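Everything below concerns the one structure shown next.
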Amino acid sequence: MIVFKINIRIVEDLEILKTMDISDFDDEYNQIEGFFQICMGSHKEGCYYHEDELQDGEIGSELLNYWLNRLLDVVNCFTNGEEYVAFHELETMNRWLEFKANDGKIQIRTAIDSSMKIKDFLITTPYGDFDYIESWKYQIEFSKLRNEIVKSVNFFLHQLEILNPNLLKTKMALELIRKV
């Protein structure tokens with residue numbers, strides 16, 4: 001069985017997050033960094049992920065709320081009848097994750113915008129100029145994709161609540177909650 005799994009780990013200065021109030025977070029942070037990885041069988045998107053103790057100076061460079069927002073956008077687009085969604089992997093120059101509906105299943109591919117013409121972070125019209133560095137396509141039932149994404153968002157929100165319940169009242173968290 002080929003597994004679809006999302007791994008998330010908050011890797012910030014947790015002591016600062018534990019004491020931060022809502023307005024300071026909204027004004028100064030407005031994002032949470034950490035490790036983020038989507039596993040689609042043996043293929044992985046996102047950064048290196050582990051559960052080991054952090055080494056001195058080790059940081060997570062993925063914007064967790066960006067990834068989760070885009071994945072929720074994918075779910076909501078398909079729920080609203082779209083048949084195609086792609087979003088830019090923010091930490092890259094031109095790498096995208098592309099999702100296509102096909103007979104109740106979703107095909108996922110890594111796409112490259114070599115010409116770097118797309119200025120948006122999310123598109124719902126197929127882009128014909130993508131290059132594909134790999135021939136693989138991952139396929140998953142929409143319900144399983146949606147369930148894993150919602151489970152991951154809820155896990156992230158629960159981690160915020162454990163760190164500091166005020167974080168659930170920030171603009172960042174309220175946007176995720178609204179999209180779930």
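On a predicted model such as this, the values are computed, not experimentally measured, just so you know. In what follows, every heavy atom counts, from backbone to side chain, and hydrogens, waters and symmetry copies are set aside.
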Check your understanding: Should we say atom CD of Glu83 is surrounded by more than 12 heavy atoms from elsewhere, each under 6.0 Å from it?
Key -> no
Review point. Ring centres of Trp96 and Phe87 under 6.0 Å apart?
Key: no
Point to revise | Student check: side-chain heavy atoms of Leu71 and Val75 closer than 4.5 Å | key: no
Exercise for review: Check whether any side-chain N or O of Asp21 sits under 3.5 Å from a backbone N or O of Asp24 as a donor-acceptor pair, and report yes or no.
Suggested key: yes
Practice item. May I ask you to say whether Glu175 pairs ionically with Lys179, meaning some side-chain N is under 4.0 Å from a carboxylate O? Key: yes
Check your understanding: If you take all heavy atoms of Val153 and Val180, which pair is closest and at what distance?
Key -> CG1-CG2, 3.5 Å
**Study point:** Backbone of Ile118 reached by a side-chain donor or acceptor of Asp113 within 3.5 Å
**Key:** yes
Practice item. Verify the distance criterion only: is there a donor paired with an acceptor across the side chains of Asp129 and Ser115 at less than 3.5 Å? Key: no
**Study point:** Check: Glu98/Tyr127 side-chain N/O donor and acceptor closer than 3.5 Å
**Key:** no
Exercise for review: Would you kindly check if the NZ (Lys) or CZ (Arg) of Arg109 is within the cone defined by 45 degrees around the ring axis of Tyr132 and under 6.0 Å from the six-membered ring centre?
Suggested key: yes
Point to revise | Side chains of Arg70 and Leu122 in contact at under 4.5 Å (non-hydrogen atoms) | key: yes
Review point. When you check the gap from the basic side-chain N to the acidic O, do Arg95 and Glu45 get nearer than 4.0 Å?
Key: yes
